[in-house]
Number of protein chains: 2
Amino acid sequence: MNDHTGFLDIFPRSELFADIEEGKLPDVHSYGRQCAYEPGVALFREGDPADKSFFVLKGRIKLTKLHPEGRETIVRYINPGEMTAAVSVFRERNYPVTAEAIETSEVIAFDRETMLEVMRAYPQVAINLLGIVVERLENVQSRYLEMQVERVEQRIARSLLRIMKQSGRKTDEGILIDFRLSRKDLADYTGTTLYTVSRILSSWEQRGWIATGRERIIVSDPHSLVAFAETG
Amino acid sequence: MNDHTGFLDIFPRSELFADIEEGKLPDVHSYGRQCAYEPGVALFREGDPADKSFFVLKGRIKLTKLHPEGRETIVRYINPGEMTAAVSVFRERNYPVTAEAIETSEVIAFDRETMLEVMRAYPQVAINLLGIVVERLENVQSRYLEMQVERVEQRIARSLLRIMKQSGRKTDEGILIDFRLSRKDLADYTGTTLYTVSRILSSWEQRGWIATGRERIIVSDPHSLVAFAETG
DNA sequence: TTTTGTCTTTGCGCTGGCGCAAACAGGATG
DNA sequence: CATCCTGTTTGCGCCAGCGCAAAGACAAAA
C-alpha cells in the first residue's frame, strides 16, 4: 500500500488533477503505470520519440536541453505533484529535453493513448494541462527576457530565488534549497560559468545573504536578495 | 463579403481549426468578432486582464515583453492563420506580453466564454490549441538555449533565418523579409544592440550573403547563412 | 586513517560586445 | 525643391565576464 506513495494525498493538490472528484481519483490513477527511478537515471532523452507523459509523486526530476557544441542548459526542475512531457500527447513528436531523476523518485507514466483517454473521460484535465503549459511558456519567456537585459549577478539572484520558491525548505538558519545544487548546476540554469557563479556566491556569503556548502545553498537573508534581484 | 478576408480559405489551413469539417467552419467563425487594426495599434498590453484570444486573418502582429528597466524583447511575430493569447482561456490571468499590429491587420477575437464554448463544441480545437502552445514552448526553450551558448553573430544568423522561414517571400534577388524590420527590431529579437546588429549585417552584406535597405533585408545566399549559423 | 575523486575557490589575462557620439542616408512632408 | 524625421553606419574606449590553471576543501571509499 505504502509503495503507492499515497497518490490520494498528492492528486487533489496537483494542478493537473484538481477539480476531479475525490472518488474518481483511483480510477485516474489506474490509467497510469507507477515506476521508480534512481538518481542519475533518465526517464527519457532529448530526441527520443515522445510516447509517455510523467506525473511526479516523489523525488525530483531535472529537465535539460543540449546544444550541439556540448554545453547544456537546465530548463527546469519538476517537483512532486507536477507533470512533464505533455508533448507526448501528440503523435510523431520527439522529447525536446532530457529528463533525469536527481533524487530517488516515483512517477506515474501515462502513455499517449491512456493520456488521451483520461482527457476524454475528464475534459477538465485537458484544460488544466493547457493551463500548465501556458504557465511554463510564460515562465520561459520571462527567463528569456531576463537573459537579454540583466547582468549575470542579477540573473543568478533571480534564479536562486525562483529555485528557492519552488524547492526551498524552511530551517532555522534560513531557507534551504532542498536538493544537491552545485555551482555548475546554477551556471547551467542561468547561462553562465561555474567560475562566475562561485565568485558571486562567495561575495553574497561575505555579505551574509546566504550560507553555502558543497552542493548546498541556504538563503539566510531572502529580503536582501530580492531587493538586489529587482534593482540590480 | 470581401471584408471577411475569406476565412474559408484560411481556417482549413490553420493549425487551430484543422480537422474541423468544412461545413462547420462558418459556425466556428460566427463565435468570434472580426476586427481590424492599423499599424502601431495594440490589440492588448502586457499586464491587462486577459479576456480575449485572437486569430489572425491578415497582416502581422508583434509580441513584445517589457523589462522594468525599459528594454524590451520581441517574443515572436504572429502571421495569418496563427493564433495568440491562449492565456485568455483562464480566469484571473493577465496578458504576459503586448500584442501590436505592425501592418494593417484583420483578426477574429474570441472572448473567454465563446472560446470555451468552441472548445466544448469541437474538442479537437482544445487539443490543437494544446499542440500550438507546446510547440511555442519548445521554440522559446530553443531560443533560450541558443541565447546561453551562442555568440551574438551566430544568434543573429539563426534569428534572421527563423524570421525568413516564417515571413519570407521569394524574389529574384533572394528571399525578402516581408515586413518592416529595423536593426533595432532584430536587436530586440536577439537580445543585443542595434549597433552590433548594424555592424554584423554590414559584414554579411560585404560577403554577399544579404542585401539590406532601410528596415528591409533580403537574404540572397541562405545557404551560406545556414552554414554559418550551424558552425559559428 | 589515508586515499581518491569531485566540487569549489581565486589569481590573472584576454576579448566580445556595449554604448556614446557624430556623421550619413533615405522617405515623407510641405 | 528643401526640410525634417527617423533609421543606419562606424570610430573609439571600456569593462563584465570568460576560461585556464592551480590550489584548497569536503565526502565517500578503502
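Order of the sequence lines fixes the chain letters, A, B, ..., with proteins taken first and strands second; residue numbering starts at 1 for each chain. Everything numeric in this text was worked out from a predicted model, so none of it was measured.
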Holding to salt bridge (Lys or Arg N to Asp or Glu O under 4.0 Å), I want the full list of residues that pass it with R71(A), two or more places apart in sequence or in another chain. none
Sugar-phosphate only, base, or nothing, as touched by S202(B) at under 4.0 Å among non-hydrogen atoms: sugar-phosphate
Run the side-chain hydrogen bond (donor to acceptor under 3.5 Å, both in side chains) test against T190(B) and tell me which residues pass, sequence neighbours left out. none
Polar-atom pairs under 3.5 Å, protein N or O versus N or O of nucleotides 24-30 of chain D: list them with distances, or write none.
unit_1, atom_1, unit_2, atom_2, d
dC26(D), O2, R214(A), NH1, 3.0

Donor-acceptor pairs are to be reported for all side-chain atoms of residues 38-49 of chain B against protein atoms at under 3.5 Å, with residues two or more places apart or in another chain.
unit_1, atom_1, unit_2, atom_2, d
E38(B), OE1, T104(B), OG1, 3.4
E46(B), OE1, L66(B), N, 2.8
D48(B), OD2, R45(B), N, 3.1

Presence of salt bridge, D111(A) and K52(A), under 4.0 angstrom: no
Once ring pair (Phe, Tyr, Trp, His ring centres under 6.0 Å) is applied, what residue pairs with a partner in residues 56-75 of chain A remain, sequence neighbours excluded? none
Mind checking what makes side-chain hydrogen bond (donor to acceptor under 3.5 Å, both in side chains) contact with R199(B), not counting sequence neighbours? none
Reading nucleotides 11-21 of chain C from 5' to 3' and marking B where a protein heavy atom lies under 4.0 Å of the base, S where only the sugar-phosphate is that close, and - otherwise, the string is BB---SSSBBB
Interatomic distance, E69(A) atom CD to Q154(B) atom CD [nearest 0.5 angstrom]: 6.5 Å
side-chain contact (heavy atoms from CB on, under 4.5 Å) between L176(B) and R216(B), worked out: CA-CA 8 Å; L176(B) 168 72; R216(B) 212 179 113 91; 4.0 Å; yes
Polar pairs (N or O, both sides) under 3.5 Å between protein and nucleotides 1-4 of chain D?
none

Going through the checks in order, is the side-chain contact (heavy atoms from CB on, under 4.5 Å) test met by S182(B) and R214(B)? CA-CA 7 Å; S182(B) 70; R214(B) 189 193 176 91; over 6 Å; no
For D221(B), give me all partners under side-chain hydrogen bond (donor to acceptor under 3.5 Å, both in side chains), at least two apart in sequence or on another chain. S224(B)
Can you name the side-chain hydrogen bond (donor to acceptor under 3.5 Å, both in side chains) partners of S53(B), sequence neighbours left out? S88(B)
F179(B): which residues meet the ring pair (Phe, Tyr, Trp, His ring centres under 6.0 Å) condition with it, sequence neighbours left out? Y77(B)
Rounded to 10°, the angle between the first-five-pair and last-five-pair axes of the helix from dT1(C)-dA30(D) to dG30(C)-dC1(D) is 40°
